[in-house]
*Asks:* 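Structure provided below as structure tokens; questions to follow.
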Amino acid sequence: QVQVVESGGGLVQPGGSLRLSCAASGSIFSINDMDWYRQVPGKQRDLVAIITSSGVTNYADSVKGRFTISGDNAKNTVYLQMDSLKPEDTAVYYCKARIWKIGGSSWTDYWGQGTQVTVSS
């Protein structure tokens, strides 16, 4: 089995910072990439940032210069440092890991349960 677990959400004032963490565990042979998405009620889930196992990163235009994604391959963990937060960053943030399971035959996407981030004064 594979588990993906996020942590670190909460309430923060505009202009503040939060750091999200996401850890993958279980029968993992290899991880191709780990990504952060976010979703507000009634809207689609949007990609926020991605980091590959080789450290290549990419960001949505709306968060460039404010959010930083980083990873620790040894711990199968990815972080999302969110600075200069705005009310429009309020959403449930989800982590997705593309994983090759031990004994598996293909890459599979595994999602975490999500963590709420609320930016409000």
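Source: prediction; values computed, not measured.
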*Asks:* Measuring only between side-chain heavy atoms, which start at C-beta, is R66 closer than 4.5 Å to M82?
*Replies:* no

*Asks:* Find out whether R38 and D89 are in side-chain contact, i.e. whether some heavy atom of one side chain is under 4.5 Å from a heavy atom of the other.
*Replies:* yes

*Asks:* Which heavy atom in C95 sits nearest to a heavy atom in V78, and how many Å separate them?
*Replies:* SG-CG1, 4.0 Å

*Asks:* Please answer: with hydrophobic residues joined when any side-chain heavy atoms are less than 4.5 Å apart, are V48 and V12 in the same cluster?
*Replies:* yes

*Asks:* For E88, is the CD atom crowded, meaning more than 12 foreign heavy atoms sit under 6.0 Å from it?
*Replies:* yes

*Asks:* Same cluster for V63 and L47 if Ile/Leu/Val/Met/Phe/Trp/Tyr side chains link at under 4.5 Å?
*Replies:* no

*Asks:* I want to check something: taking the side chain as every heavy atom from C-beta on, are C22 and Y94 in contact at a cut-off of under 4.5 Å?
*Replies:* no

*Asks:* Taking atom types as modelled, find out whether D83 and S17 have a side-chain donor-acceptor pair closer than 3.5 angstrom.
*Replies:* yes

*Asks:* With no hydrogens and no angle check, is any side-chain donor or acceptor of Q39 less than 3.5 Å from a backbone partner on A91?
*Replies:* no

*Asks:* Side chains of T90 and Q116: does their closest heavy-atom pair fall under 4.5 Å?
*Replies:* yes

*Asks:* Measure across D35 and I51 and return the closest heavy-atom pair with its distance rounded to 0.1 Å.
*Replies:* OD1-N, 4.2 Å

*Asks:* At their closest point, which heavy atom of V117 faces which heavy atom of L20, and how far apart are they?
*Replies:* CG2-CD2, 4.1 Å

*Asks:* What distance separates N32 CG from I50 CD1, expressed to the nearest 0.5 Å?
*Replies:* 8.0 Å

*Asks:* Say you draw a straight line from CG of N58 to CG of D33; how long is it, rounded to the nearest 0.5 Å?
*Replies:* 11.0 Å

*Asks:* Which pair of heavy atoms, one from Q44 and one from D46, lies closest together, and at what distance?
*Replies:* NE2-OD1, 3.0 Å

*Asks:* Rounded to the nearest 0.5 Å, what separation is found between the OG1 atom of T52 and the CG atom of N73?
*Replies:* 8.5 Å

*Asks:* Report whether W100 and I102 are members of the same hydrophobic cluster (ILVMFWY, side-chain heavy atoms less than 4.5 Å apart, transitive linking).
*Replies:* yes

*Asks:* For residues L85 and L80: do they belong to one hydrophobic cluster (side chain heavy atoms under 4.5 Å, members Ile, Leu, Val, Met, Phe, Trp, Tyr)?
*Replies:* yes

*Asks:* Please report the interatomic distance CZ(R98) to OG(S30), rounded to the nearest 0.5 Å.
*Replies:* 12.0 Å

*Asks:* Determine the minimum heavy-atom distance between I99 and A24, stating which atoms define it.
*Replies:* CD1-CB, 4.2 Å

*Asks:* First locate atom OH of Y110, then atom CE of M34, and finally report the distance between them rounded to the nearest 0.5 Å.
*Replies:* 13.0 Å

*Asks:* Provide the closest heavy-atom pair for Y59 versus K64 in the form atom of the first, atom of the second, distance.
*Replies:* O-CE, 3.3 Å

*Asks:* Mind checking whether I28 and V2 have side chains closer than 4.5 Å, heavy atoms only?
*Replies:* yes

*Asks:* Roughly how far, to the nearest 0.5 Å, is the CD atom of E6 from the OG atom of S21?
*Replies:* 10.5 Å

*Asks:* Can a donor-acceptor pair be found between the side chains of T118 and S120 at a distance below 3.5 Å?
*Replies:* no

*Asks:* In terms of relative ring orientation, are F67 and Y93 parallel, tilted or perpendicular, with 30° and 60° separating the classes?
*Replies:* tilted

*Asks:* If only atom types and distance count, is the side chain of Q81 paired as donor or acceptor with the main-chain N or O of T68 below 3.5 Å?
*Replies:* no

